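Only this structure's heavy atoms are used, side chains among them; waters, hydrogens and symmetry mates stay out. In this text the structure is predicted, and so the values were computed from the model without any measurement.
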Amino acid sequence: MNESTGRRSRGRGRVRAAAAALCLLAGALSAAAAGGSPATALTAPVSLTADDLSTWQTNGIVWSMAASDDGVVYAGGTFSTVRPPGAYAGTSEQPAVNFAAFDASTGAPTGCSLSFTLSSGTATVRALTLSPDGKTLYVGGQFGSVSGVGVSNIAAIDTATCTPRTNFKVAVSATVRAIAVTDDTVYLGGDFNSVAGQTRNKFAAVTTGAALKPWTANTDEVGRAVEVTPDGQHVVIGGDFFTVNGTASHALAVVNATTGALDKSYPGFIPNTSTVQDLTSDATKFYTANEGTGGGVFDGRIALDLGTFQQVWRDTCLGATQAILVHKGVLYSGSHAHDCASMGEFPDQPRKHLLAQSVDDPKLLPWFPDTNDGIGEPVGPRAMAQTDKGGHHYLWVGGEFTTVNSKPQQALTRFADGPDTGAPWVPNVSVSTVAPNKVDVNWQTSFDTDDGELTYRIYKDGASTPVYTTTGYSVFWDRPQLRWTDTDVAPGETHTYRISASDGINTSAKSPAVSATVAAKAESYPARVLSDGASLYWRYDEGTSTFAADTSAGLENGFLRNAPSYRQTPAAVSGPSTAIGFNGSTQYAYSNRSHAQTTKFTVETWIRTTTTRGGKIIGFGTKTMEVSGQYDKHVYMLNNGRLTFGTHNGGGRTVSTPAAYNDGAWHHVVATQGSGGMALYVDGQLRASNPLYTTNESYTGYWRVGGDNLATWPNRPTSDFFAGQIDETAVYPTALTAAQVSAHYALRTGG
């Protein structure tokens, strides 16, 4: 296996090659040609594309995988047939009873066919590991025979002949879930309490000739993973347990490879609600895959130093990690990750089942192929294996999924180092003519499943040659706004702009043309908002996209969710502007960037509605794709049309207007908090205030417009989401004065 490190299947034994060097590439990305601030992104060499390759399928769950140096991939699990790629379940199937072997480069079955069965009950294969010389495949699970040859939950397969080794037989009392192999020893973990008639609780070791060894690492609960350190001196074990040889150590321990005595225990290191599902290692570190249930769980990955056995890093994504594998300095994992906010990554979002991280840093890398959860105990991916063949690197993934990259594909898929065929998304583009004698071209950075840094080319007035080229870094949850200012224009001229995105190999289509007529003088209302220091300013002049462009220098674009009504007229203020309409149930916007607590702030927007169901107009919350768990700094409308401004400090603190504003007219709404307390203005006048409410809740969150959670807040309306039109939303890092608020309102034209 060239240029690859780490275990190719669960329980892989001694690492046979040193870790490939990890190269971190740092680049300053230009956020804008004028007024933008540069961002720096670190990338790692994710050598695999996110494009899934044509692969045969099983009709059930793949629990374990192993891959040989000569490009054979073995899959074990709970299934009875395999079928070609693209074939529907029940069609073109071939028998494959809980085991199959495939060509790594074609995805098709080899001639190796074995049947793992049980006289009563359901047989399953849960562990596959090759010997260091590749001549023997060790198989663990729950089964009583291999192609008619009697065994007891563990078997050894001669890989040259694809037949069970009759000289390897040992009785294991219950399911074997993990295997690691050295030149002379087979370590196993599982549910068992005896091996070869002797007491061995959950972990044991036998010779490669099936003789029980005195090695003892007894645990009180199930063993799920086992890994021999590269120097052969230690064995890392993982599972559900709380004690090892009577000493407290939950879910993880390092024991002596000869005796089983504890070398390192981990009491309290992993929460009691979590377990270790998988282990792997490279030349300097070993890694854990963790799953938890209930409150306070740990579901992510941990990297530990092989010299000290101390933690190097851990991520805190939620989502039941099942499988991990190291390849070329990157840790790949299979899970159903759904919240990585605690480590500064995506806060909720739809589940992502395949992730990549540098072995030196838990930060997620730009590699996002995906599966669904699938069947059985739905998680999605359950096993990984890696090998090379024909000059290409292949990563195989098995599990219980039924789709891969949104296409039907059951239980098996594979990825390679090429070709890369996926183009980035078409950029979302908006233009602004707030200032005279120029056009600001704003766009939301695109998403590419296996590239973070993309190149953008801007085309003006239908030209085939770009007028401007730049780069930007983005991932699916963080798509920063970029800006280029065109000053080669004159008042009264109309120009069109289109943008493409490229990963260096594939280029998106050009975006639909957007046009702008150059202004001769500044628009009065937005000019005042900007001069008063807005750090976020959404004008909602886009059409049919997910992009709410930020007109301010902060470039904090918004994501528009669930297709709100674009380009509503008349707008709240004068000029070439439109509003946006929300339906009061599913539609809203959220900021691309997360923020720590702001102790002083202003939120400002215009609303027009006749709703009698109320709803949140603007606020701050911890989630983007779901309703938030923490939420305050918000303005919401009651069923009767009155407005409430609320912040949280040990409890809800609110001020409310005496009058209703659901009369179908445009109304200017401004809420401020600072050292002078809370104030709520409507149509330029102070309507409610409290000088004592000077603080709010501290948490990291996102600005949301149009809806979010309102549970437990006073006079909670029927709907948490606002039905009506919204325009000219701005957020300031200061509390605007009454004079500033009045001046803004005075620049209105109404509708």
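Between the side chain of Asp417 and the backbone N or O of His393, at least one donor-acceptor pair lies under 3.5 Å. Between the side chain of Thr371 and the backbone N or O of Phe401 there is no donor-acceptor pair closer than 3.5 Å. Distance alone, capped at 3.5 Å, places no donor-acceptor pair between the Asn218 side chain and the Asn245 backbone. A side-chain donor-acceptor contact under 3.5 Å links Glu93 to the backbone of Gly90. Between the side chain of Asp299 and the main chain of Gly292, a donor-acceptor pair closer than 3.5 Å is present. Put simply, the side chain of Thr91 never gets that close to the backbone of Ala89: no donor and acceptor are under 3.5 Å apart. A donor-acceptor contact shorter than 3.5 Å links the side chain of Arg83 to the backbone of Thr58. Counting only distance, with no hydrogens or angles, the side chain of Arg414 and the backbone of Ala104 share a donor-acceptor pair below 3.5 Å. Remark: side-chain polar atoms of Ser274 are paired, donor with acceptor, to backbone N or O of Phe298 under 3.5 angstrom. Remark: the backbone N or O of Ser145 is not paired with any side-chain donor or acceptor of Ser147 at under 3.5 angstrom.
Looking only at side-chain heavy atoms (C-beta outward), Val186 and Thr208 come within less than 4.5 Å of each other. A heavy-atom distance below 4.5 Å is not found between the side chains of Phe102 and Val72. Residues Asp158 and Thr136 have side chains not in contact (no heavy-atom distance under 4.5 Å, counting atoms from C-beta outward). Between Asp184 and Thr207 the shortest side-chain heavy-atom distance does not fall below 4.5 Å. Using a 4.5 Å heavy-atom threshold, the side chains of Thr321 and Glu291 count as separate. Residues Cys340 and Leu364 are in side-chain contact: their nearest non-hydrogen atoms beyond the backbone lie under 4.5 Å apart. Within the 4.5 Å cutoff, no side-chain heavy atoms of Thr259 are placed close to those of Thr216. Gln322 is not listed as a side-chain neighbour of Ser335, based on a closest heavy-atom distance of 4.5 Å or more.
Test Tyr332, Phe476, Phe346 against Phe368 for ring-ring contact (aromatic ring centres under 6.0 Å, His included) and you get one pass: Phe476.
Taking the ring axis of Trp63 as reference, the NZ or CZ atom of Arg382 does not stay both within 45° of it and closer than 6.0 Å to the ring centre. A cation-pi geometry, defined here as NZ or CZ lying under 6.0 Å from the six-membered ring centre and within 45° of its normal, holds between Arg314 and Phe269.
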Practice problem: List the steps, then state whether ring pair (Phe, Tyr, Trp, His ring centres under 6.0 Å) holds for Phe203 with Phe192. | Solution: CA-CA 8 Å; Phe203 290 95; Phe192 53 83; 7.5 Å; no

Quiz item: Checking side-chain hydrogen bond (donor to acceptor under 3.5 Å, both in side chains) for the pair Tyr287/Asp278: CA distance, chi angles, key distance, verdict?
Solution: CA-CA 8 Å; Tyr287 308 87; Asp278 197 9; over 6 Å; no

Practice problem: Show your reasoning for whether salt bridge (charged side-chain N to carboxylate O under 4.0 Å, His left out) applies to Asp191 and Arg177. | Solution: CA-CA 8 Å; Asp191 301 9; Arg177 297 180 181 273; 2.6 Å; yes

Self-check item: Full working for side-chain hydrogen bond (donor to acceptor under 3.5 Å, both in side chains) between Thr161 and Thr163
Solution: CA-CA 5 Å; Thr161 62; Thr163 57; 2.6 Å; yes

Quiz item: side chain to side chain contact (heavy atoms under 4.5 Å, CB included) between Lys352 and Asp370: does it pass, once the steps are laid out?
Solution: CA-CA 6 Å; Lys352 295 295 180 182; Asp370 204 12; 3.9 Å; yes

Self-check item: side chain to side chain contact (heavy atoms under 4.5 Å, CB included) between Ile302 and Gln311, worked out
Solution: CA-CA 7 Å; Ile302 306 174; Gln311 177 177 299; 3.9 Å; yes

Exercise. Please assess Val330 against Lys328 for the test side chain to side chain contact (heavy atoms under 4.5 Å, CB included), listing each intermediate value before the final yes or no.
Key: CA-CA 6 Å; Val330 174; Lys328 297 189 72 176; 5.8 Å; no

Practice problem: Test Asn59 against Thr81 for side-chain hydrogen bond (donor to acceptor under 3.5 Å, both in side chains), laying out the working first. | Solution: CA-CA 6 Å; Asn59 68 341; Thr81 66; 3.2 Å; yes

Practice problem: Could you walk me through whether Arg126 and Thr124 pass the side-chain hydrogen bond (donor to acceptor under 3.5 Å, both in side chains) test, one step at a time? | Solution: CA-CA 6 Å; Arg126 293 300 181 104; Thr124 184; 3.3 Å; yes

Quiz prompt | Evaluation steps, salt bridge (charged side-chain N to carboxylate O under 4.0 Å, His left out), between Lys407 and Asp52 | solution = CA-CA 10 Å; Lys407 298 173 294 187; Asp52 58 292; 3.4 Å; yes

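The pair Lys363-Asp315 does not meet the salt-bridge criterion, since no charged nitrogen lies less than 4.0 angstrom from a carboxylate oxygen. With respect to the salt-bridge test (charged N to carboxylate O, under 4.0 angstrom), the residues Asp240 and Arg224 qualify. Ion pair Asp360/Lys285 flagged as a salt bridge, since at least one NZ, NE, NH1 or NH2 atom sits closer than 4.0 Å to an Asp/Glu carboxylate oxygen. A salt bridge links Arg351 and Asp373; the closest N-O separation between the charged side-chain nitrogens and carboxylate oxygens is under 4.0 Å.
Using cut-offs of 30° and 60° on the angle between ring planes, the pair Phe116 and Phe99 is tilted. Between Trp367 and Phe415, the two ring planes are perpendicular [angle over 60°; tilted spans 30° to 60°].
For the residue pair Thr275/Gln277, the side-chain donor-acceptor check at 3.5 Å is satisfied.
For Tyr88, the OH atom counts as loosely surrounded, since its 6.0 Å shell holds 12 or fewer non-hydrogen atoms of other residues, nucleotides or ligands.
Here the closest non-hydrogen pair linking Gly260 and Trp215 is N-CD1, 3.1 Å. Residues Ser249 and Phe241 share a closest heavy-atom pair of O-CD1, 3.2 Å. Among all heavy-atom pairs drawn from His336 and Ala320, the shortest one is NE2-CB, 3.7 Å. Here the shortest heavy-atom pairing between Val195 and Ala204 reads CG2-CB, 3.7 Å. Taking both residues in full, the closest heavy atoms of Val276 and Ala251 are given as CG2-O, 3.2 Å, listed atom of the first, atom of the second, then distance. In this structure, Ala75 and Leu128 approach most closely via the heavy-atom pair C-CD1, 3.6 Å.
Between the CG atom of Leu114 and the SG atom of Cys162 there is a distance of 4.0 Å, given to the nearest 0.5 Å. Of the inter-residue distances, the one linking Ser105 atom OG with Lys389 atom NZ reads 4.5 Å to the nearest 0.5 angstrom. Annotation: the span from Ile324 atom CD1 to Glu227 atom CD amounts to 8.5 Å, rounded to 0.5 Å. Atoms NE2 and OG1, on His353 and Thr413 in that order, are 13.5 Å from each other to the nearest 0.5 Å. With values rounded to the nearest 0.5 angstrom, Leu130 atom CG is found 10.0 Å from Tyr138 atom OH. For the atom pair CD (Gln410) and CG (Asn372), the distance works out to 9.5 Å, reported to the nearest 0.5 Å.
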